[in-house]
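What follows is a short report on a single structure.
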Amino acid sequence: GEDVEQSLFLSVREGDSSVINCTYTDSSSTYLYWYKQEPGAGLQLLTYIFSNMDMKQDQRLTVLLNKKDKHLSLRIADTQTGDSAIYFCAEGRSGSARQLTFGSGTQLTVLP
Amino acid sequence: NAGVTQTPKFRVLKTGQSMTLLCAQDMNHEYMYWYRQDPGMGLRLIHYSVGEGTTAKGEVPDGYNVSRLKKQNFLLGLESAAPSQTSVYFCASTQGPRFPNEKLFFGSGTQLSVL
């Protein structure tokens, strides 16, 4: 079955880069997503990558995909205190009404 | 533009009580979803709907029922609440599964505690 795994916690210093990792098992995944959840709020889409891409950059965010190893990572450059949140990796298949399978989320804490 | 609105935001129930969570979206979205979020387990899909009058089971549907009588509303019911249903519940909607532009829009969540 489908499974998406992430480490639960990550702490970094303000100004450093953060790298959040994710592995997935469904080889038929079409798209892979990163969502951000701030305290007391719902999830918001940060970025996504097609499964036929290796990398995508969006301002401070860089997504790397290793399809062979089914490994996805999110790099946040110049991490700020406002980046402290839970980050969810998710995978989905085009045309699937059941939408996404989410990982357990990584709590990112940015230390001053 | 309110987006996705969930009510109530917090609720405490006793075991065996019933309640309904309401999700309303004003974006004319076809697809709506109910998820539950538990510590260390991410979001799990309870039920979903691909249009008015339709519902389907997700990953963890037992103990829940849903209805989509109007396109803009998706109701989640607990007929006899159990402590295992203590969780944060999120509603989400999207126009359709036309990835990646039709992203999920989430409500702010309902914190439910069952004693």
Side-chain angles (χ1 to χ4, degrees), chain A residues 1-10 20 22-26 28-53 56 58 63 65 72 85-107, chain B residues 2-7 9-10 21 23-25 29-51 54-61 68 74 87-111:
Chain A
E2 302 156 1
D3 196 16
V4 179
E5 294 190 354
Q6 304 175 237
S7 55
L8 292 180
F9 302 101
L10 176 66
I20 303 171
C22 169
T23 58
Y24 61 98
T25 59
D26 189 354
S28 63
S29 297
T30 309
Y31 300 90
L32 295 127
Y33 299 79
W34 285 104
Y35 278 82
K36 178 183 180 182
Q37 184 184 30
E38 295 181 348
L43 280 69
Q44 288 187 303
L45 179 66
L46 269 183
T47 187
Y48 62 89
I49 188 168
F50 300 167
S51 60
N52 61 359
M53 295 170 63
K56 180 180 180 181
D58 185 359
V63 179
L65 175 61
L72 182 73
I86 302 175
Y87 291 80
F88 290 91
C89 169
E91 63 88 18
R93 278 172 286 162
S94 180
S96 169
R98 290 172 65 104
Q99 283 285 329
L100 308 177
T101 300
F102 288 88
S104 57
T106 299
Q107 172 75 60
Chain B
V4 179
T5 303
Q6 291 182 232
T7 53
K9 293 190 184 303
F10 303 94
L21 281 67
C23 177
Q25 51 91 7
H29 283 171
E30 289 291 337
Y31 289 52
M32 296 186 75
Y33 303 81
W34 276 107
Y35 291 91
R36 60 177 288 172
Q37 182 182 26
D38 301 294
M41 299 187 72
L43 274 73
R44 292 182 291 169
L45 182 63
I46 304 171
H47 285 280
Y48 64 101
S49 168
V50 300
T54 75
T55 63
K57 294 180 180 180
E59 183 184 353
V60 288
R68 183 97 181 269
F74 194 30
S87 187
V88 180
Y89 292 85
F90 286 100
C91 177
S93 72
T94 185
Q95 180 55 35
R98 298 197 302 269
F99 296 88
N101 296 322
E102 307 300 343
K103 64 181 182 181
L104 283 174
F105 290 80
F106 281 85
S108 57
T110 297
Q111 172 71 63

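As the structure is a computational prediction, the values presented were derived from the model and not from experiment. Hydrogens, waters and symmetry mates are skipped; everything else that's a heavy atom, side chains included, is used. Convention: sequence-line order gives letters A, B, ...; per-chain numbering from 1.
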Could you measure the distance from the [atom1] atom of [X] to the [atom2] atom of [Y]? Nearest 0.5 Å is fine.
{"X": "B:F106", "Y": "A:Y35", "atom1": "CZ", "atom2": "OH", "value": "5.5 Å"}
{"X": "B:S108", "Y": "A:Q37", "atom1": "OG", "atom2": "CD", "value": "10.5 Å"}
{"X": "B:D38", "Y": "A:S104", "atom1": "CG", "atom2": "OG", "value": "12.0 Å"}
{"X": "B:L43", "Y": "A:L43", "atom1": "CG", "atom2": "CG", "value": "5.5 Å"}
{"X": "B:Y33", "Y": "A:L100", "atom1": "OH", "atom2": "CG", "value": "8.0 Å"}
{"X": "A:F102", "Y": "B:R44", "atom1": "CZ", "atom2": "CZ", "value": "13.5 Å"}

| Side chain, backbone, both or neither of A:L8 within contact of chain B (heavy atoms, under 4.5 Å) | side chain

| request: Side chain from CB out, backbone as N, CA, C, O: work out which of these in B:Q37 comes under 4.5 Å of a heavy atom of chain A, or both, or neither. | output: side chain

| task | Considering only heavy atoms and a distance below 4.5 Å, find which of A:G105, A:A41, A:A90 pairs most often with chain B. | result | A:A41

